[in-house]
Chemist: 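Below you will find the structure I want to go over with you.
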Number of protein chains: 2
Amino acid sequence: MRRRSTLKEVAAALDLSVATVSRALGGYEDIAAETRRRVAEKARELGYVPNMAGRMLVSGRSGFVGLVLPIRGPNFVDSFLGEFVTGLGEGLVAKGVDLMIATASAGQSELDVLKHLVQSGRADGVVLTRIAEDDERVKFLIERRFPFVAHGRIADDGASYSWLDTDGKGAFRTALSRLYALGHRHVGLVSIEERMNFRHDREEGLESAAAEAGDPAVRLSIVRAPRFDEAAHRAQIRGMLSAEDRPTAIIGLIDELALMVMREAEAMGLAIPRDLSVIGFDNVPAAAFATPGLTTFDQATHERARESAGMLIRLIEGEEKGPLSSLKVPRFIERGSHGPAPRHARPRIRQI
Amino acid sequence: MRRRSTLKEVAAALDLSVATVSRALGGYEDIAAETRRRVAEKARELGYVPNMAGRMLVSGRSGFVGLVLPIRGPNFVDSFLGEFVTGLGEGLVAKGVDLMIATASAGQSELDVLKHLVQSGRADGVVLTRIAEDDERVKFLIERRFPFVAHGRIADDGASYSWLDTDGKGAFRTALSRLYALGHRHVGLVSIEERMNFRHDREEGLESAAAEAGDPAVRLSIVRAPRFDEAAHRAQIRGMLSAEDRPTAIIGLIDELALMVMREAEAMGLAIPRDLSVIGFDNVPAAAFATPGLTTFDQATHERARESAGMLIRLIEGEEKGPLSSLKVPRFIERGSHGPAPRHARPRIRQI
DNA sequence: TGCCAAATCTAAAACGTTTTGGCTGGGACA
DNA sequence: TGTCCCAGCCAAAACGTTTTAGATTTGGCA
């Protein structure tokens, strides 16, 4: 088993100086091509791998990009985050940057973790997910002039920092207009309580589309419960479905909620899409697999994550001065969970 | 916004030497208590945060532990891995160690990524998940004498490296004997094709328990499909359920598969648990939420991950010489998805 | 032959920390 | 009074790299 060797050792083996070896490996032009070749060969032979610490020390960069996992639990790494992390990792590794994942330990807030990350210099830039309306992490980073990319915008000003986002507003407008065209007039939305940006965005899309329909018959019913409180969500869904004038279509803020609607509806004896149309957002794997398949929107999380990696690296390298941004329109995936509004008498709800 | 300051600056501000400041902050006894106090105060005042690179360089440690994400996709970060990552992160941060996540980019194997991680010195130790039978990563790390902890054992020798694992064998024995006691004689298993350790372990448990029942009526039907090939799994499940002499109980190697069984069974008009008992493994959130709730085993992934963090750190610090190991028995979570075998499907033979 | 520019290489400094092996001054002790 | 010890502090080296400013060599040309 060969020990890791250093520049000094490679230099000694070739009777060159450390500086020459360093520059040769760096591909500098002021080193003769032949020398570069010899150095490269010897380095390989000795199993030379640059020491990060040495490099970091002089460059002032850590070669890491940080991601702070949100604190919710116990399984807050949902399929979105999982996909995001892998996409990010792939995008970074392609540029020779590594990804560090920071988690909060008991008693630490997400902001504390972020501060530690930034101040210790363990990361050269960070990626933020799940931007809240008026997010304190964003404020901190901007004030600190620390490179970051946010997955999601802040409600008001989108100009002062770099972000990339999905057009949830547009997506939910699309959803409503499709449903409207299919005859639905009363549409439900199962949403969350947290003041997240994407929630705001999507709800706004739904509301604006409803208003623009110019049809007094159009009606929206919105219920909200804390993000991970399944019991509360279920209760609200049941309440919505067992109301005398229940919606003929229900949209889930995210697939998870839409799938919950489907299951509750089925448990109550409603057939989908005959008695109820359901639309989600995210296109999680389970959405394709549900019966019927869940109609939803795909935001290509994996690709967006790769893209944010590239964006962040450009920011860190200082290649770009101004903030970057990118808004992508999610793809509408039509499966079997939505259809024409039921014409006639509604089936009796099975009491549970 | 205050710039990060260095030891030198703190030293200058107090008219002390860098060495003294370093030792004072390190809490060494050969620095007067009063001096230590003054140093600590000034360091706080100046916002001193130790520079990792400097520290790494002299200590030879990076302060990182690595985890290589398995390559499968697109969403290979399932709920197990998500929970594992957060648990690991929490366990590490408590010790001042950070977690780096390495992903493979196109064309790289998981082993390549691991090698890079180890050779570049970016991590002081690694955690391995999803151990295959005869895992090449394990071999590499052992040969290299690189500290690591595996979540899962290698089939043959469990002595030569550190691991922690769940007693899947015991769990599946439990599952079978419970089902047997409830009158089930023909039990199905929906498994995967990959030669993973946990698969081997659990299947063995089932088979040994079946053999030990000493009842010729006991019969096992096992089907296997590639881990992420949902279509294949569904087809196999349907095949199993539509057979003339279908099992009265089906066990899923993991909850995901068990839930799939439940959905397919319901789609085929079978009531659970009246017509079919289903048992899973993992206790994913969806298991509690399914109707009826899925009976399953809980391996407390989060806590196990924390534990592996502690184990790995002890290994890195060199506090422990010999390999460490820990085998935990998963908790049997009885929900509504299993019950007595249907009478008509099979004559009662005898109670155990 | 002498000079100059280009090509190639190098010494040394710098990055921020920890650790080693002292140094210093004062009190205890003979 | 001289010697020794000890608490408290420090200078310098070391870790491995990159970069800067220069040194050396080579060959062309007058």
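Chain naming here is simple, since letters A, B, ... match the order of the sequence lines and numbering starts at 1 in each.
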Chemist: Strictly under 3.5 Å: I want the nitrogen or oxygen pairs between protein and nucleotides 23-27 of chain D, one per line.
Modeler:
none

Chemist: Any idea which of C:dG16, D:dC10, D:dT17 is nearest the A:Pro50 side chain?
Modeler: D:dT17

Chemist: Could you tell me which residues satisfy salt bridge (charged side-chain N to carboxylate O under 4.0 Å, His left out) with B:Glu41, sequence neighbours excluded, listed by chain and number?
Modeler: B:Arg37

Chemist: Restricting to side chain to side chain donor-acceptor pair (under 3.5 Å), what partner residues turn up for A:Gln119, sequence neighbours left out?
Modeler: none

Chemist: Please tell me which of B:Ala33 and A:Leu7 maps to the more 5' nucleotide of DNA chain D, matching each residue to the nucleotide holding its nearest heavy atom.
Modeler: B:Ala33

Chemist: In whole angstrom, what separates B:Leu14's CG from D:dC9's P?
Modeler: 11 Å

Chemist: For A:Arg61, check side chain to side chain donor-acceptor pair (under 3.5 Å) against everything at least two apart and list the hits.
Modeler: none

Chemist: Identify, with sequence neighbours excluded, every residue that meets ring pair (Phe, Tyr, Trp, His ring centres under 6.0 Å) alongside A:Phe148.
Modeler: A:Tyr161

Chemist: Provide, to the nearest angstrom, the distance between the CG atom belonging to A:Leu57 and the P atom belonging to D:dT19.
Modeler: 13 Å

Chemist: Using a strict cut-off of less than 4.0 Å between a Lys/Arg side-chain nitrogen and an Asp/Glu carboxylate oxygen, indicate whether A:Arg304 and A:Glu307 qualify as a salt bridge.
Modeler: yes

Chemist: Identify, with sequence neighbours excluded, every residue that meets ring pair (Phe, Tyr, Trp, His ring centres under 6.0 Å) alongside B:Phe64.
Modeler: A:Phe64

Chemist: Taking five pairs at each end of the helix from C:dT1-D:dA30 to C:dA30-D:dT1, what angle separates the two helix axes (nearest 10°)?
Modeler: 70°

Chemist: Measure CG/A:Leu46 against P/D:dG16 and give the value in whole Å, please.
Modeler: 14 Å

Chemist: For residues 16-27 of chain B, please give each side-chain donor-acceptor pair under 3.5 Å, one per line with the distance, not counting sequence neighbours.
Modeler:
unit_1: B:Ser17; atom_1: OG; unit_2: B:Ala19; atom_2: N; d: 3.4
unit_1: B:Ser17; atom_1: OG; unit_2: B:Thr20; atom_2: N; d: 3.1
unit_1: B:Ser17; atom_1: OG; unit_2: B:Thr20; atom_2: OG1; d: 2.9
unit_1: B:Arg23; atom_1: NH1; unit_2: B:Asp30; atom_2: OD1; d: 3.0
unit_1: B:Arg23; atom_1: NH1; unit_2: B:Asp30; atom_2: OD2; d: 2.7

Chemist: Quick one: do A:Leu81 and A:Thr129 satisfy side-chain contact (heavy atoms from CB on, under 4.5 Å)? Show the steps, please.
Modeler: CA-CA 8 Å; A:Leu81 210 48; A:Thr129 60; 4.0 Å; yes

Chemist: Let's see if you can work this out: which of D:dC10, C:dG16, C:dC9 has an atom nearest to the side-chain heavy atoms of B:Ser17?
Modeler: D:dC10

Chemist: Round to a whole Å and report the spacing from NZ of A:Lys8 to P of D:dT17.
Modeler: 10 Å

Chemist: Categorize B:Ser59 for me: base, sugar-phosphate, or nothing, with a 4.0 angstrom heavy-atom threshold over every strand shown.
Modeler: nothing

Chemist: Not counting sequence neighbours, list each pair that qualifies as a salt bridge (charged side-chain N to carboxylate O under 4.0 Å, His left out) and has a residue in residues 110-120 of chain A.
Modeler: A:Glu110-A:Arg137

Chemist: For the side chain of B:Leu16, counting heavy atoms from C-beta on, which of D:dC10, C:dT8, C:dT17 is nearest?
Modeler: D:dC10

Chemist: Expressed in angstrom and rounded to an integer, what is the separation of B:Asn51 atom CG from D:dG16 atom C1'?
Modeler: 14 Å

Chemist: Starting from C1' on D:dT18, measure out to CG on A:Leu25 and report it in whole angstrom.
Modeler: 12 Å

Chemist: Rounded to the nearest angstrom, tell me the gap between atom CZ in A:Arg55 and atom C1' in C:dA14.
Modeler: 17 Å

Chemist: Going by heavy atoms in the side chains, are B:Asp98 and A:Arg122 under 4.5 Å from each other?
Modeler: yes

Chemist: Tell me every residue that passes side chain to side chain donor-acceptor pair (under 3.5 Å) with B:Arg55, counting only those two or more places apart in sequence or in another chain.
Modeler: none

Chemist: Just the table, please: protein N/O against nucleotides 19-27 of chain C N/O, every pair under 3.5 Å.
Modeler:
unit_1: C:dT19; atom_1: OP2; unit_2: B:Tyr28; atom_2: OH; d: 2.9

Chemist: Excluding sequence neighbours, so at least two apart, what forms side chain to side chain donor-acceptor pair (under 3.5 Å) with B:Thr166?
Modeler: B:Gln299

Chemist: Please report, rounded to the nearest Å, how far the P atom of C:dG16 is from the CZ atom of A:Arg61.
Modeler: 15 Å

